[in-house]
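Okay, structure first, notes after.
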Amino acid sequence: PANFSGIWNLTTSDNFEGYMLALGIDFATRKIAKMLKPQKTIEQDGDSFTIRTTSTFRNYLVQFKVGEEFEEDNKGLDGRKCKSVVSWDNDKLVCVQTGEKRNRGWTNWIEGDELYLEIRCEDQVCNQVYKKA
Ligand code: RET
């Protein structure tokens, strides 16, 4: 399958505000968060992943093995706990985050030197593009 390892810098982000609203993120946090240009640092060892989202404001860490359900606490985001599981859909990484929020999850894939990330919550979809550093 695909190799996501590397450092990726945000270039474009569409409807991050809608996604944050769906998560119930407060106004002050949204104002700061939408100005950020986060960086993703991905370490992939076969089906084991460490994905670090870092910014000047707040960081988020998620670690998982494809196909193994894990508890995700979403600390620093909305703080809700989810039972999450990531699977391969061809060369796309698809995460389903089961919890209080309906239709919550994300999909990650690579095209050339760009990383695409679609993040979903309820009826909101945010699309981001990251460029390889
Ligand atoms: C930041 C800043 C504080 C507010 C919010 C954030 C959102 C982080 C998100 C991370 C998603 C990570 C994923 C990793 C797997 O590929 C930037 C920490 C709301 C949405 C999907």
Side-chain angles (χ1 to χ4, degrees):
N3 180 19
F4 289 78
S5 294
I7 298 174
W8 308 84
N9 293 314
L10 183 77
T11 52
T12 63
S13 181
D14 181 57
N15 196 38
F16 190 46
E17 176 74 3
Y19 173 77
M20 290 192 289
L21 272 169
L23 283 179
I25 308 268
D26 68 85
F27 178 85
T29 304
R30 290 201 315 275
K31 292 304 122 187
I32 297 167
K34 73 179 182 192
M35 301 300 293
L36 300 172
K37 293 269 182 250
Q39 187 173 67
K40 299 248 180 227
T41 302
I42 303 180
E43 288 166 39
Q44 178 182 359
D45 177 9
D47 274 351
S48 296
F49 284 81
T50 298
I51 302 182
R52 290 187 174 79
T53 304
T54 54
S55 75
T56 51
F57 174 56
R58 220 175 261 171
N59 304 321
Y60 187 67
L61 167 70
V62 64
Q63 290 181 292
F64 57 86
K65 194 163 180 205
V66 175
E68 289 184 7
E69 189 178 77
F70 62 101
E71 297 270 349
E72 191 172 7
D73 64 13
N74 295 286
K75 212 188 292 167
L77 308 190
D78 63 321
R80 288 189 187 83
K81 291 189 166 55
C82 294
K83 289 218 189 291
S84 302
V85 63
V86 181
S87 52
W88 289 110
D89 174 11
N90 296 303
D91 278 347
K92 294 187 177 184
L93 265 187
V94 182
C95 181
V96 175
Q97 297 171 306
T98 305
E100 211 181 309
K101 291 287 178 182
R102 169 176 57 80
N103 190 36
R104 182 170 182 170
W106 50 258
T107 302
N108 251 319
W109 70 96
I110 291 169
E111 286 180 25
D113 65 348
E114 291 178 324
L115 173 75
Y116 287 75
L117 175 61
E118 180 189 279
I119 35 182
R120 304 173 288 273
C121 182
E122 300 196 316
D123 57 351
Q124 297 296 313
V125 180
C126 165
N127 279 285
Q128 297 185 333
V129 183
Y130 292 78
K131 203 167 178 76
K132 194 149 201 176

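The first residue in the sequence is number 1, and the count goes up from there. Counting starts at 1 for both ligands and their atoms, following the listed order.
Heavy atoms of Ile119 found under 4.0 angstrom from ligand 1 belong exclusively to the side chain. Residue Leu93 does not touch ligand 1, judged by heavy-atom distances below 4.0 Å. Heavy atoms of Phe16 found under 4.0 angstrom from ligand 1 belong exclusively to the side chain.
Going from atom CZ of Arg58 over to atom NZ of Lys75 covers 12.0 Å, rounded to the nearest 0.5 Å.
Formation of a donor-acceptor pair under 3.5 Å by the Asn74 side chain with backbone atoms of Gly79 is not found in this model.
Taking atom 1 (C) of ligand 1 as the reference point, the nearest protein heavy-atom neighbour is Leu77 CD2, 4.2 Å. In this structure, the protein non-hydrogen atom closest to atom 4 (C) of ligand 1 is Ala33 CB, 3.8 Å. The protein atom (non-hydrogen) at minimum distance from atom 2 (C) of ligand 1 is Leu36 CD1, 3.8 Å. From the protein, the heavy atom lying nearest to atom 20 (C) of ligand 1 is Tyr19 CE2, 3.8 Å.
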Quiz prompt | side chain to side chain contact (heavy atoms under 4.5 Å, CB included) evaluation trace for Asp123 with Asn103 | solution = CA-CA 8 Å; Asp123 57 351; Asn103 190 36; over 6 Å; no
Quiz prompt | Gln128 and Ser13: CA distance, side-chain angles, deciding distance, side chain to side chain donor-acceptor pair (under 3.5 Å) verdict | solution = CA-CA 4 Å; Gln128 297 185 333; Ser13 181; 3.2 Å; yes
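Residues Lys40 and Ile51 are in side-chain contact: their nearest non-hydrogen atoms beyond the backbone lie under 4.5 Å apart.
Pairs engaging residues 18-29 under the salt bridge (Lys or Arg N to Asp or Glu O under 4.0 Å) rule: none recorded [sequence neighbours left out].
Some N or O of Asn108 is nearer than 3.5 Å to an N or O of ligand 1, by distance alone.
Ligand 1 has Lys40 within reach: a non-hydrogen atom of the residue lies less than 4.0 Å from it.
Annotation for Lys83: atom NZ does not count as buried by contact number, only 12 or fewer foreign heavy atoms lying within 6.0 Å.
Counting the atoms of ligand 1 from 1 in the order shown, those under 4.0 Å from a heavy atom of Thr53 are 12 (C).
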